[in-house]
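This report refers to the structure that appears directly beneath it.
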2 protein chains.
Amino acid sequence: MEAAVPGARGAVTAAGRRATIKDVAEAADVSRSTASRALTGRGYVAPAVRERVRRAAQTLGYVPDAMARNLRQQVSRSIGVLVSDLRNSFYADLASGVSSQSRRRGYAMMLADDAGSVEAELEAAETFVALRVAGVILTPLSAEVTEYLGRHRIPVIEVDRQFAEGVCDAVVVDNKAAAERVTASLLQQGHRRVALLIDEMDWTTGRDRLVGYRSAFLAAGLPLDDALVVRGGWDVGAATAVARELLGGPERPTAVFAANNVLAEGVWRAAQALGLRVPEDVSLVSFDDAPWMTMVSPGVTAVAQDAVALGEAAVAQMFDRIQSPESPKRTVMLSAAVAERGSTAPPAGA
Amino acid sequence: MEAAVPGARGAVTAAGRRATIKDVAEAADVSRSTASRALTGRGYVAPAVRERVRRAAQTLGYVPDAMARNLRQQVSRSIGVLVSDLRNSFYADLASGVSSQSRRRGYAMMLADDAGSVEAELEAAETFVALRVAGVILTPLSAEVTEYLGRHRIPVIEVDRQFAEGVCDAVVVDNKAAAERVTASLLQQGHRRVALLIDEMDWTTGRDRLVGYRSAFLAAGLPLDDALVVRGGWDVGAATAVARELLGGPERPTAVFAANNVLAEGVWRAAQALGLRVPEDVSLVSFDDAPWMTMVSPGVTAVAQDAVALGEAAVAQMFDRIQSPESPKRTVMLSAAVAERGSTAPPAGA
DNA sequence: ACGCGCCCTGGGATCGATTCCAGATCGAGC
DNA sequence: GCTCGATCTGGAATCGATCCCAGGGCGCGT
């Protein structure tokens, strides 16, 4: 174990403690107040003294205690991020976008994932409150969490999905337009039995995707068949099982629109397992891009939400909100591109 | 905007401030000390008083300020995690494993990603020091960062890779054994021109994978050809370009061992672009599994490092270290399974 | 010479929670 | 009745940094 040599580029005082501003002040032979002013740059300090303090801090390897600073200033320079599942690339990309932007602004990121559990979500929210984060960016699971954080006067930005519009700042993609676009494109190719595989209809994500799907039928003057709207479950296993049922049945749809990447994976696996070729036997479109969709052949046509951009936009909106706490709530809607890749074709009979 | 009704399940006092322990104490008609003891459970408090304080806290929506608590107690209940790139599923899984385990122990996770930049890495480390995290789990980019954190007496666990063994706690996979195993399996299938596509040889990851690759040749009594060891670059674009060069050349290898998932993606894309079939024209094995490898056909045979388990093990080791700061440094080595999927076959001539 | 304003510094309060310590109360044992 | 110990409570110090404020020194204008 190396000895802590004071004076060397060490990080601790001789006693083995971490250096505090008091140590710096003593080393520079000034008061704590002056040392603080010299280092933060707020208030008068003679240039020579400032330099002396700076050097002392450097020598001691002084790093100000963020706890103490935040406690005194009653603000923190970290933001909370709460997503559903880091192992899903959508959320990981989202977190990545948030991370880069918040670092750029000098903020640290506290990241938590509820594993789809409302309880874990609330627990994480409480941790954020305890840590007095400057704001929280989350993909909400329950309506409670937003309300809870709001009660504690913590700015909240909902990303990807909302329960209701206008009650909370949010950054979402234009689910309806994108869903309508890809559905219309399938209908135009001649498909009539287009199934929608979806997981939930409680959030704006699910609702709007369903609405978009339906309005494409209406716009084309085609009848809706509710039997073609199928609930897919929350994980790949469940999605695969449901998709097998759907594709293995007697009245097999000629195209499937999967409402997210997990469901799309289920459809893909089910098609493989059943020996169905894509797109010859069944066309597939996914809402939500994923790395594997560009690796398989044919590639899977997908609504490519830019999750990184979503995260970045959320950070931007968070800082807007911090700057003007009283301005009306705003929902930012990003449009999503459709990445055409070849997993769709006119139905066999056409 | 809803009014903050004190007495309701509100989160703020009438003045709009956040409730502090002083508010709780006054509401329960006790001193701050007693309130603190009642809520933390340390020290004597009459049962009736404890209950009164608890209810007051509940009513006020009191959440203790972690800053103040940590400052007083000189410990924090959060750990820092520093990975290279959240958008890479390996790191995302790692973070996910850390997240679940640290939450289980009541710790919050501060997550940062250096985007492959040593500067960003050190900056993040400084943030962790400032926040007085209980420990840091990282995939090191530079040797400096570990040393820096060590100087500040912060426990560090290196994950996935190390510069040198024994100087720092670490959790790694048995790179050499796994690399040797898959290489040997290719050799046994009859391959002789087995290329190794690798990005770096400065860390134990790269070094050991190279060593494993080589020792498989030696064990089989086959000659090594250094021209078959190719540097692949850091992103998919670069990897693809290098792989195209490799597979498009005159002396095309019959099998490629890609040293990580990014490189494997490059090889896969290059093979597609060149119209080469896997495994008929070229066999492919990857070190490091990725979701797409199970989606393509044939699936890509890969050394399946369990990144989630890696993260979980790192957390476990971190708490061991916190409990016994003086015990000797330890490197935990996890073995990696090989997921056989069909991307290998005997070479065409065989 | 005096007053005014500017530059600069240090003392001390402050943020919110924990914790040490002194003191109060009460019941039991002798 | 007195002591002793256990139980319980509140006052005050403490963690590390910031920042208000008082005050000293100095230059300058009159």
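Residue numbering restarts at 1 for every chain, and letters A, B, ... go by the order of the sequence lines.
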Is it the case that the side chains of [Y] and [X] hold a donor-acceptor pair, with the cut-off being a distance below 3.5 Å and no angle test?
{"X": "Glu158(A)", "Y": "Thr139(A)", "answer": "no"}
{"X": "Ser96(A)", "Y": "Ser99(A)", "answer": "no"}
{"X": "Ser100(B)", "Y": "Arg103(B)", "answer": "no"}

Kindly list each side-chain donor-acceptor pair under 3.5 angstrom involving residues 45-55 of chain A, sequence neighbours excluded, with atom names and distances?
{"from": "Arg52(A)", "atom 1": "NE", "to": "Ala28(A)", "atom 2": "O", "distance (Å)": "3.0"}
{"from": "Arg52(A)", "atom 1": "NH2", "to": "Ala28(A)", "atom 2": "O", "distance (Å)": "3.0"}

> Atom OG in Ser102(A), atom CZ in Arg77(A): separation rounded to 0.5 Å?
Replying inline: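 It is 11.0 Å, given to the nearest 0.5 Å.
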> What are the bounds, 5' to 3', of the part of DNA chain C that sits under 4.0 Å from heavy atoms of chain A?
Replying inline: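 On DNA chain C, the outermost contacted nucleotides are dC7(C) to dG16(C).
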>> When the axes are fitted on five pairs at both termini, how much does the helix from dA1(C)-dT30(D) to dC30(C)-dG1(D) curve, in 10° steps?
In response: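 End-to-end axis angle: 60°.
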Donor-acceptor contacts, no H, no angles, side chain residues 114-122 of chain B, under 3.5 Å, sequence neighbours left out:
{"from": "Asp114(B)", "atom 1": "OD1", "to": "Gly116(B)", "atom 2": "N", "distance (Å)": "3.1"}
{"from": "Ser117(B)", "atom 1": "OG", "to": "Glu119(B)", "atom 2": "N", "distance (Å)": "3.3"}
{"from": "Ser117(B)", "atom 1": "OG", "to": "Ala120(B)", "atom 2": "N", "distance (Å)": "2.9"}
{"from": "Glu121(B)", "atom 1": "OE1", "to": "Ser142(B)", "atom 2": "N", "distance (Å)": "3.1"}
{"from": "Glu121(B)", "atom 1": "OE1", "to": "Ser142(B)", "atom 2": "OG", "distance (Å)": "3.0"}
{"from": "Glu121(B)", "atom 1": "OE2", "to": "Leu141(B)", "atom 2": "N", "distance (Å)": "2.7"}

With sequence neighbours excluded, tell me which residues meet salt bridge (charged side-chain N to carboxylate O under 4.0 Å, His left out) with [X].
{"X": "Asp65(A)", "answer": "Arg132(B)"}
{"X": "Arg105(A)", "answer": "none"}
{"X": "Asp202(B)", "answer": "none"}

Are the side chain of [X] and the backbone N or O of [Y] linked by a donor-acceptor pair below 3.5 Å?
{"X": "Thr204(B)", "Y": "Gln162(B)", "value": "yes"}
{"X": "Thr20(A)", "Y": "Lys22(A)", "value": "yes"}
{"X": "Arg37(A)", "Y": "Arg42(A)", "value": "no"}

> Does dG16(D) have OP1 or OP2 sitting under 4.0 Å from an N or O in the side chain of Tyr62(A)?
Replying inline: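 No, Tyr62(A) has no side-chain N/O under 4.0 Å of OP1/OP2 on dG16(D).
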> Quick one: side chain to side chain donor-acceptor pair (under 3.5 Å) partners of Gln317(B), sequence neighbours excluded?
Replying inline: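 Only Asp169(B) meet the side chain to side chain donor-acceptor pair (under 3.5 Å) criterion with Gln317(B).
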> Could you state the CG-P distance from Leu39(A) to dC19(D), rounded to the nearest angstrom?
Replying inline: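 After rounding, the gap between these two atoms is 13 Å.
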> Over how many whole Å does the gap from Lys22(B) atom NZ to dG10(D) atom P extend?
Replying inline: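 To the nearest whole Å, that distance equals 15 Å.
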> Of all of residues 68-75 of chain B, which get a heavy atom below 4.0 angstrom from DNA chain D, listed by number?
Replying inline: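 DNA chain D contact set from residues 68-75 of chain B: Leu71(B), Arg72(B), Gln74(B).
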Below 3.5 Å is the cut-off: list the nitrogen or oxygen pairs between protein and nucleotides 6-8 of chain D, distance only.
{"from": "dT7(D)", "atom 1": "OP2", "to": "Tyr44(B)", "atom 2": "OH", "distance (Å)": "2.8"}

> Heavy-atom contacts under 4.0 Å between residues 24-35 of chain B and DNA chain C, which residues?
Replying inline: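 Those residues are Arg32(B), Ser33(B).
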> Between Asp23(B) and Arg18(B), is the closest basic N to carboxylate O distance under 4.0 Å?
Replying inline: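 Judged by the 4.0 Å cut-off on N to carboxylate O distance, Arg18(B) and Asp23(B) do not form a salt bridge.
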With a 3.5 Å cut-off and sequence neighbours excluded, list the donor-acceptor pairs that the side chains of residues 79-87 of chain B form with protein atoms.
{"from": "Ser84(B)", "atom 1": "OG", "to": "Arg161(B)", "atom 2": "NH2", "distance (Å)": "2.9"}
{"from": "Asp85(B)", "atom 1": "OD1", "to": "Arg87(B)", "atom 2": "N", "distance (Å)": "3.0"}

